[in-house]
Amino acid sequence: MSAAAFAGVCAASLLVTMAAAEDSTTDIGTLDKETADKVFPSKPPYSPYAGRNFPTRPYFGDTHTHTSYSMDAGAFGARLGPKDAYRFAKGEEVIASSGQRAKLSRPLDFMVVTDHSDGMGFFPQLIGGDPGLLATPQGRKWYDEISSGKGAQAAIDIIVSFGKGQLPKGFPTPGTPAYRSAWRETIKAAEEANEPGRFTAFIGYEWTSNAGGNNLHRNVIWRDNGAKASLVEPYTTQPPLGSPNPRDLWKWMAMVEEKTGAEILALAHNGNLSNGRMFPIIESFNGKRIDREYAENRMRWEPLYEATQMKGDGETHPFLSPNDEFANYERWDKGNLDLTEAKKPEMLEFEYVRSALKNGLKMEAELGLNPYKFGLVGSTDTHTALAAVEEDNFFGKTSSAEPSAGRAMHPFVKTDKAVIMGWETTASGYAAVWATENTREAIFDAMKRRETYATTGPRMAVRFFGGWDFEAADANNRTPARIGYTKGVPMGGDLSDAPKGKSPSFLVAALKDPIGANLDRIQVIKGWVGKDGQAQERIYDVAVSGGRTIDAEGRSRTSVGSTVDVANATWTNTIGAGEMITVWKDPDFDPALRAFYYVRVIEIPTPRWTAYDAKYFSVKMPAEVRMTTTERAYTSPIWYTP
């Protein structure tokens, strides 16, 4: 299947109801057959692409990039700013902060520079020797550490101090010259980089709620240009000007839209480092159960969730999904963000995508609204200004961990509670968006309607449609999107009121990354709430490669195998499939029960970035280091509501 054919074409025929014209009580007249055939042709045009008006290709980008304007990134060694980040994303070769040449294999389609709102402009102020900051014990300590080559040590101390609300006098806040200048330059960089139709540069920032070291971060993104974004300054988390409570962020977002006429959204990320606070049933800030107001605002302002990135994968966890053989993937589950509190098993349910989607169904039955009805994206969270997450081109989470012989075995975070080693950093991920064109407006609108999916790095194309009338023959069509949009709803959509005697059917397709690995399988992940009120999940293998079979329980128990040569960091595409497409019908559907469905696409095994490092630097990795990976994609769900 070619990429163009896979993307699909529009159904050109119009669905027109002429009942009113046939009603003798109306006075609108009727059309004679000759005129009617001209206005409403009974046959679509010969060109199947004529008149199409829906997304025909996914755009790949990064909604989470930090530069030297972020206080921690700067301390870690980042010297590249927002302009450099956009240049790199657009395919230019740059010199990384470590002095190495860096370039993407292919340009990205869009990017958001999301420097931290708290302390925006702090690092340039500190490294520039601001007298006010250097007059404080903390400021002087950090300055001396950075100047003596101990920037990583200073960065961790900054993060911990921030989580405790213990920041030095003179720290830049909204309204100060340093802060205002940094925000102005952030906007300017996006405006200059934005090229509608070729590359989209969004304006944004990260609201870094980190109370007690527990991650509740959100990336805030503007649909609009700098004229509207410059009317306000970013919302922070440190009182008295800011707040770490998401409810207060949502109030600020409402104020911004009312004051400026702009449209904005927020993406939460890294629930795995929130220690049970990202997807609560009981709010950590007030100790009360989630209410309808919380659900309304979270649905309104946070249509997407960042499901995979450098600080671990967030789809699910083996403790939560013990029957899922692909659940044990790139786990960061030792504690909260700064490892000041160890992880407890009971926290996990409120940290991961799949359990949040299930709890959302339960809460909808109680509140009438689902606070966790979100779509999925991936992004990098790079703190180097370089959105480089291909396994053979991985420039690390921080500039202190850019390619070097020892970076894998250097601790990334180490406390008396736990340690996260450099090799545990994940080379992930990107956001894929089905938009009608490469513009701020079209991509933002696609995000709002959740027609998105997450990848851990590969640029595979994934389609997912749900409806009531898909047939097996639909999978044989070389333009599946035409059928998908005509018969059903795309990823992120809703189904309701099942026709009597029918189960939902799904048209699912995946096309490998043109320069990446073949595909192992496509899975549908279903979650639902049973009649007993308990949330359940089930995995169905719906398409597998290599002639393997799917058993009566909907599973293929045979591994695709592996062609990875770890010592040489190579693999071959002699197993797996370049494309897969199928129609799957839920065999266990109960029309009375709420449910969601999303697709997971698994690649064949390939070398992990640690294998590429070992080969390039001629180093031997310890036995505990993962040397292979199974890259993947997760689509936004399709929900069924009785």
Side-chain angles (χ1 to χ4, degrees), residues 1-8 57-58 60 91 103-109 308 313 325-326 328-330 378 388-394 426-430 432 453-464 475-476 478 480 508-524 541-550 555-582 599-616 621 626-635:
M1 181 189 298
S2 70
F6 175 80
R57 57 156 289 189
F60 293 94
K103 186 176 182 178
L104 288 173
S105 66
R106 295 154 287 177
L108 294 176
D109 298 307
T308 186
D313 194 77
E325 68 270 36
F326 292 104
N328 188 23
Y329 180 72
E330 296 292 343
V389 293
E390 293 163 307
E391 302 290 339
D392 64 350
N393 192 34
F394 181 47
T426 305
S428 184
Y430 287 136
Y453 58 98
T455 92
T456 57
R459 303 188 199 185
M460 60 184 83
V462 184
R463 284 288 202 186
F464 181 40
N476 299 326
R478 303 306 293 177
V508 190
L511 185 69
K512 71 178 286 292
D513 182 327
I515 64 171
N518 280 342
L519 308 177
D520 168 6
R521 67 187 69 198
I522 300 177
Q523 301 177 308
V524 171
D541 293 315
V542 300
V544 295
S545 61
R548 292 172 292 163
T549 60
I550 298 174
R555 299 305 311 277
S556 179
R557 309 293 178 177
T558 306
S559 168
V560 71
S562 177
T563 65
V564 176
D565 178 349
V566 172
N568 291 300
T570 61
W571 89 99
T572 64
N573 269 331
T574 52
I575 59 174
E579 64 172 75
M580 288 189 283
I581 183 170
T582 191
V599 162
R600 182 170 65 184
V601 181
I602 304 291
E603 278 190 353
I604 65 172
T606 51
R608 194 172 180 267
W609 71 265
T610 44
Y612 288 104
D613 269 28
K615 173 66 175 176
Y616 184 85
M621 297 288 179
R626 294 189 295 270
M627 302 295 277
T628 64
T629 185
T630 50
E631 306 266 27
R632 56 198 60 196
Y634 313 122
T635 72

Legend entry - Verdict with reasoning, Tyr329 to Glu631, per side-chain contact (heavy atoms from CB on, under 4.5 Å): CA-CA 9 Å; Tyr329 180 72; Glu631 306 266 27; 3.8 Å; yes
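- The pair Glu579-Arg478 counts as a salt bridge, with a side-chain nitrogen and a carboxylate oxygen less than 4.0 angstrom apart.
- Side-chain contact check for Leu108 versus Tyr430: some heavy-atom pair is nearer than 4.5 Å.
- By the 4.0 Å N-to-carboxylate-O rule, Lys615 lies too far from Asp392 to be salt-bridged with it.
- Closest non-hydrogen pair, Ala454 versus Thr308, comes out as CB-CG2, 4.2 Å.
- Counting only N and O atoms by type, the side chains of Glu330 and Ser428 include no donor and acceptor under 3.5 Å apart.
- Between Ala633 and Met460 the shortest heavy-atom distance is CB-SD, 3.6 Å.
- Among all heavy-atom pairs drawn from Ala509 and Ile581, the shortest one is CB-CG1, 3.7 Å.
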Inset, instruction - Could you walk me through whether Asp613 and Met621 pass side-chain contact (heavy atoms from CB on, under 4.5 Å), step by step? - result: CA-CA 9 Å; Asp613 269 28; Met621 297 288 179; 4.0 Å; yes
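- Remark: Tyr634 pairs with no residue by the ring-ring contact (aromatic ring centres under 6.0 Å, His included) rule, at least two apart or across chains.
- Contact detail for Pro607 and Trp571: the closest heavy-atom pair is CD-CE3, 3.7 Å.
- Using a cut-off of 4.0 Å between Lys/Arg side-chain N and Asp/Glu carboxylate O, Arg459 and Asp513 are scored as not salt-bridged.
- Taking the six-membered ring where tryptophan is involved, the planes of Phe394 and Trp609 are tilted, since the angle between them lies from 30° to 60°.
- Remark: Thr606 pairs with no residue by the side chain to side chain donor-acceptor pair (under 3.5 Å) rule, at least two apart or across chains.
- Atom OG1 of Thr582 sits about 11.5 Å away from atom CG of Asp541, to the nearest 0.5 Å.
- Taking OG1 of Thr426 as the reference point, atom CD of Glu391 lies at 9.0 Å (rounded to 0.5 Å).
- Remark: side-chain polar atoms of Asp109 are paired, donor with acceptor, to backbone N or O of Phe60 under 3.5 angstrom.
- Side chain of Ser545 to main chain of Asp520: a donor-acceptor pair is present (N/O by atom type, distance under 3.5 Å, no hydrogens or angles).
- Contact detail for Thr635 and Tyr453: the closest heavy-atom pair is CA-CB, 3.5 Å.
- No donor-acceptor distance shorter than 3.5 angstrom exists from the side chain of Thr629 to the backbone of Arg608, with no hydrogens or angles considered.
- The two residues Glu603 and Ala517 make their nearest non-hydrogen contact at OE1-CB, 3.6 Å.
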Legend entry - Trace of the side-chain contact (heavy atoms from CB on, under 4.5 Å) decision for Ile550 with Val544: CA-CA 8 Å; Ile550 298 174; Val544 295; 4.1 Å; yes
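- Among residues two or more places apart in sequence or in another chain, the side chain to side chain donor-acceptor pair (under 3.5 Å) test is passed with Thr630 by Arg632.
- Side chain of Asn518 to backbone of Ile575: a donor-acceptor contact under 3.5 angstrom is found.
- Residue Arg557 holds its CZ atom at 7.5 Å from CD of Glu325, rounded to the nearest 0.5 Å.
- Here the rule is side-chain contact (heavy atoms from CB on, under 4.5 Å) with Ile604, and of Leu519, Thr572, Thr574, Asn573 only Asn573 fits it.
- Interatomic distance, CD1 of Ile515 versus OG of Ser105, reported as 4.0 Å (0.5 Å rounding).
- Distance check, rounded to the nearest 0.5 Å: OH of Tyr612 to OG1 of Thr570 gives 8.0 Å.
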Inset, instruction - Go through the steps to decide whether Arg548 and Val560 satisfy the test side-chain contact (heavy atoms from CB on, under 4.5 Å), and finish with yes or no. - result: CA-CA 8 Å; Arg548 292 172 292 163; Val560 71; 3.8 Å; yes
